[in-house]
Amino acid sequence: MIALHLLTGLCVLAGLVFFAAGTLGLLRLPDPLTRLHALAKADNIGLGLIALGVLPQLVASGAVLAAAKVVAIWLLLQLSSGAVAQLLAEVAFRDSETGADDPDGAAAEAGEP
Amino acid sequence: MSAETLFGLAAAALCAIGIYGLMVGRGALARLIAFNLLGGGVFVLFGVVARRGAGAGFGGDPVPQALVITGIVVAFSATALGAALVERLAQLRAKGGAPSEEPEADT
Amino acid sequence: MSGGALPGLPPADMLLVLAVILPLFGLLPLLLLGSRLAERLTLLVLAAGLAVALGIGAEVAAAGQAATAFIGGWRPPLGVGLRADGLSAVMLVMTAVVLCATGLYAMTGPATPRAAGERMPTAFWMLLLCVWSALNLVFVAEDLFTLYVALELLTFAAVPLVCLDGKEGQIEAALRYLVFALFGSVLYLLGTVLIYALYGTLDIILAARRASVSPGLVVALAAMTAGMMAKAALFPLHLWLPPAHSGAPPAASAMLSAVVIKAPIFLLVRFWLDLAPESLAVKVGPILAGLGAAAILMCSLVALAQHRLKLLIAYSTAAQIGYLFLMFPLAAAASAWSALAWTGGALHLASHAFSKAAMFMAAGLIAEAVGHDRIKGLTGLGRALPVSVAAFGLGGLSLMGLPPAGGFVAKVMLLSAAVHLGNWWIALVILIGGLLAGGYVLRVVVPALQRPAAPLALRPVAGWREWVALALALVAVGLGFVPLEPSAYLAIGRPASWAEGAP
Amino acid sequence: MSLAFDALLCLLALLAALRAVAAGEGFSRVAAFMAYGLILGLVWVRLAAVDVALTEVAVGSGVTGLVLLRAVARDDAPAPLAAGLAYRLLAGVVALLVFAGLAAVVLLLPEPAPSLAPEVARHLPATDLGNPITAVLIVFRALDTLLETVVLLLALIGVWALSPDRTWAGRPAVLLPAPWSGALEFLARLVVPVGVLVGLYMFWAGADVPGGAFQGGAVLAAMALMAIAAGLLPRPVLARRRLRALLLAGPFGFLLVGVLGWVFADAFLAYPPGVEKAVIILVEAAITLSIAVTLALLVLGPPVAEETE
Amino acid sequence: MTAGTLGGSDLLLLSAILVPLVLGLAALKPWVRRWGPTLALVAPLPALAAVLLVPVGQSVLLVPAPFRLTLALDAPGALLLGGAALLWLLAGIYARAYLKDDPERGAFSVWWLLTMAGAFAVFLVADVASFYLAYALVSFAAYGLAAHDDTAEARRAGRVYLALTVLGEALLIAAFVMLASSVSGANPLIRDAVAGLAQSPWRGAILGLLLVGFTMKMGLFPLHVWMPLAHAVAPVPGSAVLSGIVVKAGVIGLIRFLPADLPLAQWGMALLTAGLFTAFYGVAIGLTQSHPKRALAYSTVSQMGVVAAVLGAGLAAGDAAAPSLAAFYALNHMLLKGAMFLAVGVAMASGPRHLRLVLIGAAVLGLSLAGLPFTGGALAKYAVKAPVGEGGAGILLALSAGGTTLLMARYVLLLAARGKGADPAAGEAEAPPALLVPWAVLSGVAVLLPFALFTPVTGLGLGGLFSLEGIIKGLWPVALGLAVAALLYQKPPKVSEIPAGDILALTQGLRPALRGLLSAAVRLDAGLRHWSSAALALVLVMVALAVAMGEPQWLQPLWP
């Protein structure tokens with residue numbers, strides 16, 4: 001039982017670290033493409049770890065259906081954040097390509113989810 | 001200080017922020033958003049009242065909760081109508097529409 | 001089934017529900033029809049609705065008590081109750097008559113201007129039926145949240161009516177009207193949730209029975225009253241009324257100024273005379289009357305200074321609303337004279353509806369014929385459009401409070417009550433209001449009666465539309481023959497209670 | 001421990017609200033508002049009202065946020081200058097006054113909180129529905145729900161009335177002005193079917209567990225919008241009879257069932273005894289369908305010039 | 001009080017009002033309007049018949065309670081109604097000829113018929129609400145007669161008239177409301193309402209408002225400004241009717257609404273002094289006028305001052321006979337003034353040779369108005385001597401007769417000038433008979449009728465008047481007036497003409513102030529209609545309502 005709690009604690013902690021990294025990337029990195037890169041990667045792994053951490057608790061307490069839902073949520077998020085990141089990247093790329101990049105970086109601002 | 005009282009005070013604060021936003025908001029969209037904030041605050045107040053009235057096997061009094069659902073949908077249709085008006089106004093102004101008879105400065 | 005149903009008429013509670021859902025039955029198929037069919041169907045529904053309203057009036061008179069109906073058979077506090085007492089019946093009939101006249105006025109006939117396409121007429125008929133259903137619900141509902149939904153239905157129907165022509169100025173006015181009305185209705189909702197938190201019911205009558213003066217009730221009533229004053233455009237909250245009511249197409253502004261603006265006022269009367277305890281009503285009465293007096297004086301003065309006819313009439317609406325708020329301190333005091341003030345207020349509500357609708361319709365016809373809205377260019381119009389100018393003049397007569405119009409009897413009733421209850425400043429304001437109303441009405445009518453300086457080039461106007469406006473004005477004059485005493489009909493169903501009828 | 005979490009939640013909500021009010025630029029104001037909506041969703045879960053949480057997230061911040069985003073994008077009017085400092089201070093003081101009043105009232109609410117929960121519990125079996133909120137919505141306060149569907153329809157009529165005369169029967173404007181993107185189509189192909197299934201489930205389960213017509217309808221509307229944005233579905237021609245019949249299904253169906261109430265159960269909107277559950281499900285299905293179509297059309301906006309795609 | 005079946009005389013009373021009203025409203029239709037002027041002749045006949053046939057004191061309840069519309073023919077009412085009907089008939093004949101080439105005569109006849117209906121109604125109705133209705137009808141319809149010609153001056157006169165009329169209506173409705181509410185029941189009879197005046201708590205306010213409201217219609221100083229303006233711009237038959245009959249609505253108002261048997265010393269004295277002052281003021285301003293019609297208008301102001309003085313004296317002494325004597329005096333003035341206005345029209349249309357005849361007629365009328373012995377006017381002056389008494393007021397009254405003689409001399413002088421210069425083409429032309437005959441008949445009746453009515457109204461024999469002492473008392477003011485007139489004729493003093501509506505000029509200063517007020521209101525309204533101020537106002541209103549309803553002890557916990 002203790003091992004279970006230990007595992008959960010560790011995973012959730014690691015997940016939080018990744019989330020922090022993602023947010024740090026969002027604030028510090030210069031242009032939209034790199035920010036997107038940081039956010040998409042870090043948040044996905046972060047969420048995966050937290051889901052991994054929570055799963056044993058749910059399974060142990062018998063709520064198998066809830067566990068399945070958590071996994072489904074994680075899958076949906078993988079899909080949607082990946083697709084959205086792709087879309088934003090296309091917009092950001094096209095703006096930087098056509099120089100429509102407004103001087104005060106409004107496009108960059110728009111890139112922020 | 002029970003959870004309901006905490007959320008009640010938060011709801012009161014949200015209402016105050018909404019009213020502040022409606023007074024200070026410049027342009028219709030800002031005011032529409034402030035209206036939604038105020039609406040959200042009032043609905044949380046409904047939620048707090050429902051939670052205080054929990055009993056007879058329910059986590060909260062179902063009547064105010066049902067009212068909130070109706071309220072949210074009504075608030076949405078108001079915002080949709082407002083947004084459509086804002087867009088149509090922007091479209092007409094962009095087309096160089098003649099200024100309205102009394103050029104009221106919308107300060 | 002409650003109350004003795006008149007033979008031949010369906011039971012009262014079915015009529016009550018019919019009053020609310022009949023316009024909806026008319027509205028929904030309109031989405032599938034073209035504008036010609038939509039018009040015919042709407043006029044049919046208007047006629048049927050008028051019959052229902054008159055039926056309710058007859059039932060209430062015959063039974064001598066309020067007609068009640070419970071949605072789905074569930075009695076308050078769980079279910080929603082509809083109840084029509086004397087005042088509601090009068091309002092239902094008034095609304096039905098005004099909207100039928102508006103329907104006839106807006107009917108496309110040989111000489112009416114061709115609408116550019118399907119959009120305007122179809123949307124107009126749908127919105128008219130929505131306004132009607134919402135108004136009927138406001139007059140009969142006894143549940144605070146149902147009233148909120150009815151008010152929202154009314155606002156969402158009124159806002160598109162304001163900007164039906166699609167010009168930029170009107171859309172700006174409609175947007176300002178929408179957001180300010182929303183501000184008002186969310187404050188009303190704030191009051192509603194506090195009432196529920198205090199008394200565990202949303203029904204006005206049950207809440208009134210449990211009501212006791214407490215900080216919660218004070219804040220709730222303050223929020224609800226402020227919300228309704230915002231929607232009723234009482235001075236200084238009238239920013240949206242002049243541009244909205246003057247910008248709307250004539251048939252729409254007739255509806256807006258005559259009946260739509262009356263719903264929030266009716267609710268205020270409902271709150272302060274049914275829901276609120278007497279001690280609070282006495283404290284708040286002077287504030288409402290003070291703002292009403294300010295509305296009468298300020299808006300009449302601004303109406304005097306207007307150059308456009310429709311703006312003048314819109315400011316006149318803002319002023320006449322002030323009269324209705326003068327009623328609160330008079331009707332709140334528990335004395336025989338308050339019954340007279342109560343009758344005077346109801347009569348003013350009705351006669352203003354008829355005369356204002358007639359004036360806006362007349363203004364619409366004048367603008368159509370002359371091609372512009374400026375008051376200066378109307379000299380000598382009386383000879384060219386006698387019926388329209390007569391409609392405008394008779395409507396103005398009622399606003400000025402001159403015999404034999406309904407406005408006169410209402411003014412006398414309010415004056416008598418004010419004099420007897422010692423509110424001298426209210427009596428003075430009523431008199432000054434009559435003078436100022438005389439100013440801005442005669443300012444239009446007198447040049448119209450003189451000989452035109454240059455012959456006016458007029459576009460043809462459909463004769464029957466002028467007669468519709470004149471008919472409404474004559475109804476306002478007809479109200480002048482209401483006897484000068486507290487009306488027994490309005491006393492039916494007061495004080496409000498669910499006790500009568502089925503246990 | 002949970003109180004600390006609630007306090008944090010309230011703090012987040014207040015911050016989001018303040019950001020939404022104080023933000024200078026339109027887009028960040030809407031972004032803050034959507035964040036506010038999602039946090040409110042969590043607040044509702046903490047207030048043990050999962051139905052409302054679903055509605056708040058789906059309609060309150062989701063679709064409303066979408067409509068506001070579209071309006072911000074199209075309203076390129078220059079941001080008007082902010083109010084003077086003195087006025088802002090005065091407004092702040094007045095807002096604080098209002099807060100003080102409301103807070104006092106909240107603190108002084110009557111202790112045995114009056115509630116209709118026992119009343120609902122007593123009459124719930126008569127409706128043989130499991131979810132009390134759906135019972136209140138569809139049975140006890142049926143008139144409110146009927147009017148609410150009419151309000152939604154009326155908002156749509158109002159939005160359509162804003163179009164110029166010649167395009168009354170045209171198509172709504174393009175939702176996503178970006179060129180075709182493979183990622184979006186891939187996402188749509190995968191998520192839409194699942195989303196539709198989730199929406200139908202939410203409507204179906206609404207009778208007994210948190211869910212219902214409005215929440216299911218909102219999810220279905222979202223899926224329709226995603227399909228249209230991804231190009232899987234063409235933008236609908238608004239004057240087509242079939243589309244308008246779908247719009248009418250909810251309100252008109254509910255009205256007809258209400259009138260039948262007179263015939264079978266001698267009161268308007270009363271359900272014939274014995275078959276309440278079946279009729280209620282039927283009515284809820286019609287409402288869900290209409291809400292999905294109405295919400296989608298409200299987001300798509302008024303019909304603009306007829307385009308040959 | 002025949003409530004149920006309407007007897008013959010009741011129908012007559014009702015038709016006196018209904019016939020002109022129905023004809024007036026029918027004349028709104030263009031094809032009826034063409035016959036307007038001839039209809040105007042038929043309309044007064046039922047009223048004339050009513051006065052002759054219906055016994056005085058007859059009253060009929062038209063509509064039972066709660067409306068209680070009642071008509072009643074009492075002594076003063078009968079006198080004024082008879083005179084009015086006669087004047088309407090003759091002026092109608094006169095107007096038909098006078099306006100035959102005026103394109104707008106149809107519209108004029110509509111206003112003519114409506115004013116006639118209002119005038120007859122004002123003299124007949126006996127309950128408060130319908131009196132107010134009749135009073136409003138005669139006041140607003142008279143506007144049409146005054147502002148008939150489409151000149152800027154007529155429009156200005158019309159505006160001033162309407163403004164003061166609306167003000168008068170407001171004052172009267174306030175008085176009627178207070179008066180009627182002291183009696184139970186919706187719409188009391190005037191008699192009962194006035195009877196209840198003694199113990200009503202607002203007696204002072206009611207009397208003040210009634211006096212101001214009705215004396216404004218009679219043209220008592222300072223609210224007389226509209227009369228010279230309106231009567232000068234109206235066409236001649238219009239001025240005759242305005243000055244003769246419409247002004248009497250104020251008189252009948254005072255007669256009906258002032259308590260006859262309740263002595264009110266201070267109010268009576270106030271009315272008396274105002275009346276006498278106006279009598280002299282009217283003559284003073286009238287002398288400076290350059291147009292005969294304006295001179296006559298000021299003469300009406302002066303004569304109404306006399307009537308007010310008589311009523312004031314009656315009110316002060318609580319003398320019940322004063323009202324009918326005042327009515328008798330007013331009747332005499334109505335017929336004489338009507339004839340004099342018609343004389344102006346006849347003079348305009350006749351050449352120099354016939355002018356002498358007209359001037360002689362006008363002189364006779366003037367002297368009769370001044371009260372020359374052996375004329376109707378003397379009887380009227382003698383009749384009103386009793387209530388005014390022999391004291392200072394009596395002397396002033398006599399002096400005012402002298403003043404009137406002076407003013408009448410001025411009027412005849414202006415008439416002579418007007419006659420010669422006005423229409424050179426008339427040459428030897430004689431005024432058309434359609435103008436001459438009604439004028440002549442009216443003049444004859446005006447001078448002789450008082451003889452027939454003197455004894456029934458005053459109950460005194462004619463002997464007293466023809467006694468030497470009576471003649472002397474009647475003669476010296478007239479002689480004095482003629483002497484001063486002759487003196488002034490020799491050395492006409494250089495006095496510039498005071499513009500009509502004398503003190504109205506003072507209000508010119510008011511105009512920019514009014515415009516300033518309007519623009520201030522518009523600016524305040526525009527300010528309030530900004531979003532920021534309106535939203536703030538809404539929240540402040542909410543807070544104010546909450547504070548108003550709140551109780552101080554709720555704040556106790558804040559500072560224990």
Side-chain angles (χ1 to χ4, degrees), chain C residues 1 13-14 17 20-21 24-25 27-29 31-32 69-74 77-80 82 115-120 122-123 126-127 130 133-134 137 141 143 145-146 149-150 152-153 156-157 159-160 163-164 166 171 190 194 196-201 210 214-216 218-220 222, chain D residues 98 101-102 104-106 108-110 113-116 119-120 122-123 136 139-148 150-169 239 241 244-245 247-248 251-252 255-256 258-259 261-262 265-271 303:
Chain C
M1 294 307 157
D13 66 345
M14 181 182 282
V17 173
V20 176
I21 63 169
L24 296 183
F25 261 109
L27 157 72
L28 297 173
L31 270 171
L32 307 174
F70 302 108
I71 301 297
W74 302 101
L78 192 57
V80 170
L82 303 181
E118 286 287 301
R119 177 187 69 83
M120 176 110 160
T122 326
M126 283 193 241
L127 296 172
C130 261
S133 170
L137 186 58
D143 183 281
F145 192 79
T146 309
V149 179
E152 291 304 279
L153 190 64
F156 294 167
V159 164
C163 59
L164 211 50
I171 290 187
L190 180 61
L194 291 179
Y196 186 83
L198 291 171
Y199 307 119
T201 173
R210 305 174 188 169
S214 70
V218 160
V219 171
Chain D
V98 169
L102 286 178
V105 167
V106 163
L108 296 171
L109 283 180
S115 158
L116 284 176
E119 188 89 11
V120 170
R122 192 149 50 86
H123 292 289
V136 168
V139 178
F140 303 132
R141 299 182 68 93
L143 184 64
D144 289 355
T145 312
L146 167 64
L147 284 173
E148 186 200 332
V150 175
V151 161
L152 258 176
L153 183 62
L154 184 64
L156 186 62
I157 295 171
V159 166
W160 284 356
L162 287 174
S163 64
D165 280 326
R166 47 187 165 64
T167 63
W168 170 249
R241 284 279 185 287
R244 294 196 173 189
L247 284 177
L248 290 186
F252 209 68
L255 208 56
L256 282 182
V259 169
W262 264 328
D266 72 40
F268 178 67
L269 282 178
Y271 296 98

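Note: hydrogens, waters and symmetry copies are ignored here, and every other heavy atom, side chains too, is used. Per chain, numbering begins at 1; letters A, B, ... match sequence-line order.
Using a 4.5 Å cut-off on side-chain heavy atoms (C-beta onward), C:C163 and D:L162 make contact. With a 4.5 Å cut-off on side-chain heavy atoms, C:L198 and D:V105 do not count as touching.
Among D:L143, D:L256, D:L248, the residue with the largest count of heavy-atom pairs under 4.5 Å with chain C is D:L248. Of the residues considered (D:V139, D:V159, D:V98), D:V139 shows the highest number of contacts with chain C, using heavy-atom pairs under 4.5 Å. Contact count versus chain D (heavy atoms, under 4.5 Å) is highest, among C:I71, C:V159, C:L82, C:V219, for C:I71. Note: C:L78 leads C:V149, C:L78, C:L137 in heavy-atom pairs under 4.5 Å with chain D. In terms of heavy-atom pairs under 4.5 angstrom with chain D, the leader among C:G166, C:C130, C:G73 is C:C130. The choice from C:T201, C:T146, C:V218, C:L164 that makes the most heavy-atom pairs within less than 4.5 Å of chain D is C:T146. For chain C, the option among D:A239, D:G258, D:A270 with the highest count of heavy-atom pairs below 4.5 Å is D:A270. When each of C:S214, C:A141, C:A123, C:A157 is scored by its heavy-atom pairs under 4.5 Å with chain D, the top score falls to C:A157. When the candidates D:G101, D:A265, D:S163 are compared by the number of heavy-atom contacts under 4.5 Å with chain C, D:S163 comes out ahead.
Contacts between D:A113 and chain C at a heavy-atom distance below 4.5 Å are absent for every atom of the residue. Using a 4.5 Å cut-off between heavy atoms, C:V80 contacts chain D through both its backbone and its side chain. With a threshold of 4.5 angstrom between heavy atoms, C:F25 approaches chain D through its backbone and through its side chain. Using a 4.5 Å cut-off between heavy atoms, D:I157 contacts chain C through its side chain alone, with no backbone atom that close. Heavy atoms of D:P251 lying under 4.5 Å from chain C belong to its backbone as well as its side chain.
Here the closest heavy-atom approach between residue D:P303 and residue D:W160 is recorded as CD-CD1, 3.7 Å. In this structure, C:L32 and D:A245 approach most closely via the heavy-atom pair CD2-N, 4.0 Å. Looking at every heavy atom in both residues, C:P160 comes nearest to C:L127 through CB-CD1, 3.6 Å.
Between atom CG of residue D:L152 and atom CG of residue C:L153 there is a gap of 11.0 Å, rounded to the nearest 0.5 Å. Atom-to-atom distance recorded for C:W74:CH2 and D:F140:CZ is 4.5 Å, nearest 0.5 angstrom. Taken from CE in C:M14 to CD1 in C:I21, the straight-line distance is 9.0 Å, to the nearest 0.5 Å.
C:R210 meets the side-chain hydrogen bond (donor to acceptor under 3.5 Å, both in side chains) test with no other residue; sequence neighbours excluded.
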